[in-house]
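Heads up, the thing below is written out as structure tokens.
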Amino acid sequence: MPELPEVETVVRALRPVLEGRRLARVVARRPDLRWPLPQGLGQRLTGATVLGVARRAKYGLIATDRGETLLFHLGMSGRLRLDAPGDGAHDHVLFETGEGRRIVFTDPRRFGMLDLWPSDRLGEHRLLAALGAEPLGADLRPLLARAFAGRVAPVKALLLDQRILAGVGNIYACEALWRARVRPDRLAGALKPAEIARLAAAIPAVLDAAIAAGGSSLRDHVQPDGTLGMFQHSWAVYGRQGEACPKGHPVERLIQSGRSSFLCPRCQR
DNA sequence: ATGCACTCCTGAACGC
DNA sequence: TGCGTTCAGGAGTGCA
């Protein structure tokens, strides 16, 4: 599910529940997700007070007063649900606050991860160290121009490369390319400055719109309070093969390195 | 360095 | 109804 807008939606929902609150009970119901859970997870977090909840790329970051930060990644099917029972087959980790709120980490496919890491050395975590720029809040044009120069790979492959831009996934890469009127299979190094500029504007625009809509709900994403994201109703091309793009032309699908890309060949060149 | 295929796991959707 | 096949929003790893 979760790309940057979905993780941002989750982080914003967790903030009022967790910030400044004490974790009264943390229970791991299995030893691993994608990787083994950190040693003594429950013990290390129980009794800690949450200082802040933030996001880096597609990672959620929960800082505690014990000098450690809990990182989480939702993988493809991960969800964090508020006040769910937490006894389902795929409910893997439970967090309970002193106020009696319960946060349940659910992940059927178990591609997600959780880790604890010293807060003052967070940037050294192996999964965070190589991440590229956040796509919101900065001017992406010079960054993309530098990253695309001389590259033979399709532009969509580079948009998905988290070392360049951190947080864009398959859905929003397709959507941003449509807004920028650039085909996903164009070679990155061959993009003209005007096309790079359009892409640099389209990426934050589509991410901001998705955040405002509460993310996209496909199979798995819901906001922690259970309400559905609505941005899937605003998709121009993603998942809409054979339907009309917003300009009325048929959307096509192509496979790039084993993953679906959706595009409008009339709008995108 | 660069590009790409494969892999982890489960569930939903589709075809017969 | 039931079974098999295909596909899915991520991303690390290892290969050419």
Side-chain angles (χ1 to χ4, degrees), chain A residues 1-10 29-37 55-60 71-80 88-92 105-115 125-132 135 146-177 184-190 203 206-207 210-211 213-223 228-242 253-262:
Chain A
M1 158 283 290
E3 304 185 24
L4 184 153
E6 289 75 31
V7 179
E8 181 64 26
T9 298
V10 167
R29 299 181 69 221
R30 58 173 298 128
D32 58 354
L33 294 169
R34 178 171 187 173
W35 293 295
L37 293 171
R55 177 192 60 73
R56 170 77 173 109
K58 301 172 193 173
Y59 293 89
L71 288 77
F72 66 85
H73 194 296
L74 299 172
M76 296 259 276
S77 59
R79 280 151 67 155
L80 283 171
H90 305 301
D91 295 339
H92 304 313
F105 188 108
T106 306
D107 185 7
R109 289 173 77 179
R110 302 206 304 275
F111 287 178
M113 62 81 65
L114 286 177
D115 203 3
H125 191 280
R126 68 186 185 96
L127 297 171
L128 302 181
L131 288 177
R146 215 176 315 123
F148 290 174
R151 296 291 298 266
V152 175
V155 58
K156 174 154 171 267
L158 296 197
L159 291 184
L160 295 179
D161 185 340
Q162 303 296 300
R163 295 169 299 185
I164 297 172
L165 212 52
V168 177
N170 204 34
I171 292 176
Y172 298 109
C174 291
E175 293 297 306
L177 284 162
D185 52 358
R186 286 279 302 284
L187 298 186
I203 291 165
V206 75
L207 294 176
I211 292 169
S216 298
S217 292
L218 193 48
R219 289 168 187 79
D220 299 293
H221 172 68
V222 289
Q223 299 176 55
L228 292 171
M230 295 302 285
F231 194 70
Q232 66 279 9
H233 302 300
S234 301
W235 290 343
V237 289
Y238 185 83
R240 304 190 57 240
Q241 182 181 16
R253 183 171 88 115
L254 59 87
I255 307 292
Q256 294 182 276
S257 30
R259 306 195 62 189
S260 289
S261 290
F262 297 89

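Order of the sequence lines fixes the chain letters, A, B, ..., with proteins taken first and strands second; residue numbering starts at 1 for each chain.
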Side-chain donor-acceptor contacts of residues 149-156 of chain A below 3.5 Å, not counting sequence neighbours, with atom names and distances?
unit_1, atom_1, unit_2, atom_2, d
A/K156, NZ, A/N170, OD1, 2.7
A/K156, NZ, A/S260, O, 3.4
A/K156, NZ, A/S261, OG, 2.7

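Of the side-chain N and O atoms in A/R259, none sit less than 4.0 angstrom from OP1 or OP2 of C/dA11.
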Pairs under 3.5 Å (Watson-Crick or G-U), crossing ones as [ ], inter-strand ones as |: DNA chain C comes out as .|||||||.|||||||
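Partners of A/R29 by salt bridge (Lys or Arg N to Asp or Glu O under 4.0 Å), not counting sequence neighbours: none found. Residues passing the ring pair (Phe, Tyr, Trp, His ring centres under 6.0 Å) test with A/F262 are A/Y238, sequence neighbours excluded. Listed by chain and number, the residues in a ring pair (Phe, Tyr, Trp, His ring centres under 6.0 Å) with A/Y59 are A/H73 (sequence neighbours excluded). For A/R34, there are no side chain to side chain contact (heavy atoms under 4.5 Å, CB included) partners two or more places apart in sequence or in a different chain. A search for salt bridge (Lys or Arg N to Asp or Glu O under 4.0 Å) contacts involving A/R30 returns A/D32, not counting sequence neighbours. Partners of A/H125 according to the ring pair (Phe, Tyr, Trp, His ring centres under 6.0 Å) rule, which considers only residues two or more places apart in sequence or in another chain, are A/W117. Shown here are the side chain to side chain donor-acceptor pair (under 3.5 Å) partners of A/E175, two or more places apart in sequence or in another chain: there are none.
DNA chain B is contacted by no residue of residues 231-242 of chain A, taking any non-hydrogen atom closer than 4.0 Å.
A salt bridge (charged side-chain N to carboxylate O under 4.0 Å, His left out) check over residues 160-173 of chain A, counting only residues at least two apart or in different chains, returns the pairs A/D161-A/R163.
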If a protein heavy atom is under 4.0 Å from the base, mark B; if only from the sugar-phosphate, S; if neither, -; do that for nucleotides 2-8 of chain B going 5' to 3'. SSSS--B
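With rounding to whole Å, A/L33 atom CG is found 18 Å from C/dG10 atom P.
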